[in-house]
Q: 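A single structure is presented below for examination.
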Amino acid sequence: MIVGVPKEVKRDEYRVAMLPVGVDELTRAGHRVLVEVGAGTGSGLPDEVYTAHGAELVETAAELYGRADLIVKVKEPLPEEWPLLRPGQTVFTYFHFAADRELTEAVLRSGATAVAYETLRDDAGRLPLLTPMSEVAGRMSIQEGAKYLERPQMGRGILLAGVPGVAPAHITILGGGVVGANAAKIAAGFRADIGLLDINMERLRYLDDVMPHNVDTLFSDRHTVRDQLTRADLVIGAVLIPGAKAPRLIEEDDLRLMKPGSVIIDVAIDQGGCVATSRPTTHSEPTYVVHGIVHYCVTNMPGAVGRTSTYALCNVTLPWVLHIARLGIDGAAAALRPVARAINVAAGEVTNRAVAETFGLAFNKRFDA
Ligand SMILES: NC(=O)c1ccc[n+]([C@@H]2O[C@H](COP(=O)([O-])OP(=O)(O)OC[C@H]3O[C@@H](n4cnc5c(N)ncnc54)[C@H](O)[C@@H]3O)[C@@H](O)[C@H]2O)c1
């Protein structure tokens, strides 16, 4: 099979979908790998390291899409990439179709098969290609929070760790899933004083067992959230109800409970955010201030730490790329249920029930697994 790795075109996106070791594994298995010039630059991976492991460099996206049977990418195809997709081609990437009707219609028209990272679900119900990005965003949220608490960044001028004789910061983490647990671990290392909230008692019991002593697990209800807001220097929004809009835990009026210059990092912004005053921002302009509270609502946080995120993503995607290259998409779907579940669109038809329902389109249950 010919596998193509394009350069990402989305603004502030520095990840690439394949490491040189991936090229090595694919070529050793008898496949050919095309890499677009400059694809790895944002992650510190120059073209030469790809060619050294057997990749062929191609100058343009048009040539890459024209020749490759399997395209492996990071972000959903953007409008300039839509005309390049073609029947018989498989595209393996994050699509998030339900958020974008135009993208869904363009991929349907193209005749290509869309295999979405975010719906590749294992038999235990986990989403292994989403987890690493939540780990990155969770850990990064504390790093960003520390930065925006600094006075020149409009923050309160607070050092997370405090110093001898001065108390550390109080950090409230809403949601104790992958993002929240990773945020709590890093915050604990900073010696901050942490409240970690969730509504799932089983999860809270587990977190209580494994978290360091400076993390208090708390049941998330309106009173506890409001009480936490009076104390917090930094709030991390990390809640998720799978497949739904994020629950709103902080209303605009609640911001008045907070100390001026406190910071909210609403990681859940990609699902609409859990704060009434959150609106999506970008890495070029990540923050804005409402009622004296700094809001950070970047929808693709992992993009900024492209190198770490590229390695974290490619570690989990490569085994699936190898399966699809070896078996072809139909063979891989027949042999591996997670792959079948990940196919959202095939040959002009929607094959994912949720996407079909979202847009009132016909659903072909050919891959229903
Ligand atoms: N902005 C970004 O760049 C970025 C990157 C990765 C993930 N995310 C987003 O971060 C969010 C969290 O992802 P995750 O992987 O940690 O999800 P997860 O499913 O692992 O965890 C979500 C947690 O929220 C809890 N929860 C639900 N309702 C709650 C409530 N009312 N109060 C408190 N807790 C509640 C759930 O019980 C669960 O433990 C998602 O919206 C995800 O899309 C954003």
Side-chain angles (χ1 to χ4, degrees), residues 10 12-15 74-75 94-96 98-99 116-119 121 124-145 172-186 195-208 210-211 216-229 235-251 254 264-276 278-283 286-287 295-306 308-309 312-313 316:
K10 193 160 183 159
D12 294 326
E13 182 51 71
Y14 301 106
R15 288 172 289 180
V74 179
K75 295 305 286 186
Y94 288 119
F95 277 100
H96 295 289
Y117 291 164
E118 71 275 8
T119 58
R121 187 163 40 83
R126 290 174 300 227
L127 301 167
L129 306 191
L130 268 188
T131 305
M133 294 304 105
S134 286
E135 291 166 342
V136 169
R139 290 179 181 213
M140 186 175 164
S141 67
I142 300 302
Q143 181 172 319
E144 295 297 280
T172 297
I173 303 174
L174 304 171
V178 180
V179 169
N182 277 276
K185 256 191 279 192
I186 299 304
L196 177 56
L197 283 66
D198 208 293
I199 47 171
N200 178 336
M201 274 312 301
E202 278 312 304
R203 183 70 184 165
L204 286 176
R205 287 193 183 98
Y206 165 76
L207 291 167
D208 185 67
V210 299
M211 284 291 162
D216 288 322
T217 56
L218 300 165
F219 187 79
S220 174
D221 61 27
R222 176 118 185 93
H223 287 188
T224 310
V225 171
R226 283 172 61 88
D227 176 55
Q228 283 288 306
L229 294 182
V235 174
I236 309 293
V239 293
L240 176 69
I241 299 176
K245 220 172 159 298
R248 186 188 286 178
L249 302 190
I250 302 179
E251 299 297 340
D254 297 335
I264 297 177
I265 308 275
D266 198 350
V267 185
I269 189 66
D270 61 340
Q271 299 290 334
C274 60
V275 182
S278 290
R279 57 173 166 79
T281 60
T282 62
H283 287 295
T287 59
H295 291 53
Y296 172 107
C297 306
V298 175
T299 48
N300 65 331
M301 293 175 65
V305 287
T308 300
S309 302
L313 179 64
V316 294

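Numbering of ligands and ligand atoms starts at 1, following listing order.
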Q: Please list, chain by chain and in numerical order, all residues satisfying side-chain contact (heavy atoms from CB on, under 4.5 Å) with Asp221, sequence neighbours excluded.
A: Phe219, His223, Thr224
Q: Return the set of residues passing salt bridge (Lys or Arg N to Asp or Glu O under 4.0 Å) with Glu13 (not counting sequence neighbours), or none when no residue passes.
A: Arg15
Q: Let me see the working for Cys297 and Thr281 under side-chain contact (heavy atoms from CB on, under 4.5 Å), right down to the final yes or no.
A: CA-CA 5 Å; Cys297 306; Thr281 60; 4.0 Å; yes
Q: Does some side-chain heavy atom of Asp198 sit less than 4.5 Å from a side-chain heavy atom of Ser220?
A: no
Q: Might you list the protein residues in contact with ligand 1, defined as having a heavy atom under 4.0 Å from one of its atoms, sorted by chain and number?
A: Met133, Ser134, Ala137, Gly175, Gly176, Gly177, Val178, Val179, Leu197, Asp198, Ile199, Asn200, Ser220, Ala238, Val239, Leu240, Pro247, Leu249, Val267, Ala268, Asp270, Gln271, Val298, Thr299, Asn300, Met301, Pro302
Q: Please enumerate all residues that pass ring-ring contact (aromatic ring centres under 6.0 Å, His included) together with Tyr117, with sequence neighbours excluded.
A: Phe92, Tyr94
Q: Identify the heavy atoms of Asp12 and His283 that sit nearest to each other, and give their distance.
A: OD2-N, 3.6 Å
